[in-house]
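Protein chains get the first letters and strands the later ones, always in sequence-line order, with residue 1 at the start of each.
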Amino acid sequence: MGRVEPAPCRVIVVEMLTRSTVALTIPVAMGYVPLGAAFGFLVRQAGGDPALALAMSVVVYAGALQFLAIPLLMAGLPVAELAFVTLMTNLRHVFYGLSLRDRLPRGRLARAYAVFALTDETFSLVTSAGRAWDGRQVVMVAAINQLWWVAGTALGCVLGEAVPTGIAGMEFALTALFVVLTIEQAKVARRVFPFATAAVATAIAFAVAPGNLLFAAIALTLLAILAAAARRRRETTA
Amino acid sequence: MSAPGWDYLLAALAAMAVVTFALRAAPFLLPGRWHDRPLVQGLRRDLPPAIMLILVIYSLHGTQWSAWPHGAPELLGVALVALLHLMLRNPLVSIVAGTAGYMALRALLG
């Protein structure tokens, strides 16, 4: 008589977990695959290598920044300035980890990956109500979401080959993405102050330092927000 | 314009990856209840939306406002994206239709 196979219970449970976890990521996939495709497409249209597009989606994995970086990379923006643009664009990610402290997996590698893959959508999926997430599920969801993103990028690269380059205006997709993200932020913020500050700061930066628009606008905005917060603090402790 | 070399691209990739990861890891590395401090609360509330709007404007800063069509496709494009998103709440539709609208306006107006 041969050796009895180990009970398949664990296998079935893992399978069920995997299947239902994948199902949970479908809403994210519906955004990530097309958006990733748009990214891969734009990289090819800008003359970039598909390897570059895929590398960005694997090691950077940050939507808005990836789109923003396309023209900057093609123009050879100095790495230090690129690092600064990255810092400014992804600053909001600093605040994501706060809500997730208790939900991360124990293992160091799994933990590091979960932190690495913390995107807007993964964050909102994991923090959405009605589910108790354990560390393993968080890692699996994060990994599956990134797979959707990379798959979309690959698809976009293929499509980018088929469509001729030089059709004017496709880069507007970046502006469109930012407009959508701004509206999403507005729904959460529900205040005029941050937007008024940003508009005024950008106008001043445009007049005073047009060559360093992004840096100047963000620096002014940062100061204004800190000043307002400091004044609120003084008023509440007075 | 020739595509940038891989020595530059690898350095650029590393910079973007490291900064992004550092930002995502920061909350787990900073000590104590730093996030409860009022200044941080203020930043947390106001900085993300403000930066998003700055990025909208920044993405348009190459526009030739003084020459025909004086940024009309850009402004109308932004309005179209905003309108679609407020009405339909579908990011993909907003982005694709808005970009298509912009490209049509460019083709029409120049």
Side-chain angles (χ1 to χ4, degrees), chain A residues 31 34 47-48 52 55-56 59-60 62 65 69 73-74 76 79 82-83 86-95 97-98 115-116 118 168-170 172-183 185-186 189 193-195 197-199 202 213-214 217-218 221 225-226 228-230 232-233, chain B residues 1-4 6 8-9 11-21 23-28 35 38-61 73-74 77-78 81-82 85-86 91-92 94-96 98-99 102-107:
Chain A
L52 174 64
M56 284 173 79
V59 306
V60 180
L65 174 70
L73 288 173
M74 291 300 126
V79 174
L82 196 61
T86 305
L87 180 67
M88 291 301 121
T89 310
N90 285 344
L91 203 50
R92 64 187 188 285
H93 290 275
V94 170
F95 304 115
L98 294 173
V115 171
F116 162 78
L118 197 57
M170 245 180 269
F172 188 76
L174 176 64
T175 305
L177 173 67
F178 288 154
V179 171
V180 166
L181 290 176
T182 304
I183 293 177
Q185 290 280 350
F193 173 71
F195 300 108
T197 306
T202 310
L213 188 63
L214 192 60
I218 292 177
T221 301
I225 293 175
L226 284 172
R232 268 197 309 274
R233 184 184 59 182
Chain B
M1 193 200 311
S2 62
W6 271 102
Y8 163 75
L9 288 175
L13 275 168
M16 290 188 288
V18 166
V19 172
T20 303
F21 183 63
L23 288 170
R24 286 171 175 161
F28 304 97
H35 49 276
L39 289 187
V40 177
Q41 290 290 330
L43 284 176
R44 180 184 186 180
R45 186 175 59 168
D46 294 333
L47 197 60
I51 289 191
M52 227 59 240
L53 183 61
I54 293 176
L55 288 174
V56 171
I57 304 172
Y58 173 70
S59 69
L60 292 174
H61 85 296
E74 282 78 6
V78 168
V81 174
H85 198 63
L86 288 168
L92 206 56
S94 311
I95 293 172
V96 171
T99 305
Y102 171 78
M103 288 167 70
L105 284 167
R106 280 283 300 274

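- Summarising the geometry of A:Val180 relative to B:Ser94, their closest heavy-atom pair is CG2-CB, 3.7 Å, with the distance given to 0.1 Å.
- When all heavy atoms of A:Ala230 and B:Leu39 are compared, the pair lying nearest together is N-CD2, 3.6 Å.
- With a 4.5 Å cut-off on non-hydrogen atoms, B:Leu53 touches chain A through its backbone and its side chain both.
- Put simply, the side chain of B:Arg24 gets close to the backbone of A:Phe116: a donor and an acceptor are under 3.5 Å apart.
- Note that CG of A:Leu73 and CG of B:Leu9 are 6.0 Å apart. Values are rounded to the nearest 0.5 Å.
- Across all non-hydrogen atoms, the minimal contact from A:Ala173 to B:Thr99 is CA-OG1, 3.3 Å.
- Put simply, CG on A:Leu87 and CG on B:Leu23 are 5.5 Å apart, with the number rounded to the nearest 0.5 Å.
- For a residue to count as touching a neighbouring chain, one of its non-hydrogen atoms must lie under 4.5 Å from one of that chain's; by this rule A:Ala69 touches chain B with the side chain only.
- Note: A:Leu214 leads A:Leu174, A:Leu213, A:Leu214 in heavy-atom pairs under 4.5 Å with chain B.
- The two residues A:Val115 and B:Phe28 have their closest heavy-atom pair at CG2-CE1, 3.8 Å.
- The structure places CG of B:Leu60 at 4.0 Å from OG1 of A:Thr175, a figure rounded to the nearest 0.5 Å.
- With rounding to the nearest 0.5 Å, the separation of CG in A:Leu226 from CG in B:Asp46 is 10.0 Å.
- Results of the side-chain contact (heavy atoms from CB on, under 4.5 Å) test with A:Val179 over B:Ile95, B:Leu55, B:Val81 single out B:Val81 as the only residue that passes.
- Atoms CZ and CG, on B:Phe21 and A:Leu118 in that order, are 10.5 Å from each other to the nearest 0.5 Å.
- Here A:Phe178 pairs with nothing under the ring pair (Phe, Tyr, Trp, His ring centres under 6.0 Å) rule; sequence neighbours left out.
- Interface remark: A:Leu181 contributes backbone and side-chain atoms alike to the contact with chain B (heavy atom separation under 4.5 Å).
- Here the closest heavy-atom approach between residue B:Leu13 and residue A:Ala55 is recorded as CD1-CB, 3.8 Å.
- The contact between A:Ile183 and chain B is made entirely by side chain atoms (from C-beta outward), counting heavy-atom distances below 4.5 Å.
- Using a 4.5 Å cut-off between heavy atoms, B:Leu92 contacts chain A through its side chain alone, with no backbone atom that close.
- Residue contact with chain B, scored on non-hydrogen atoms closer than 4.5 Å, involves the side chain of A:Ile225 exclusively.
- Here the options are A:Thr89, A:Val79, A:Leu82, the test is side-chain contact (heavy atoms from CB on, under 4.5 Å), and the partner is B:Met16; only A:Leu82 passes.
- Residue A:Phe172 holds its CZ atom at 10.5 Å from CZ of B:Arg106, rounded to the nearest 0.5 Å.
- At a 4.5 Å heavy-atom cutoff, the contact between A:Leu65 and chain B is made by side-chain atoms alone.
- A:Thr197 pairs by the side-chain hydrogen bond (donor to acceptor under 3.5 Å, both in side chains) definition with nothing, not counting sequence neighbours.
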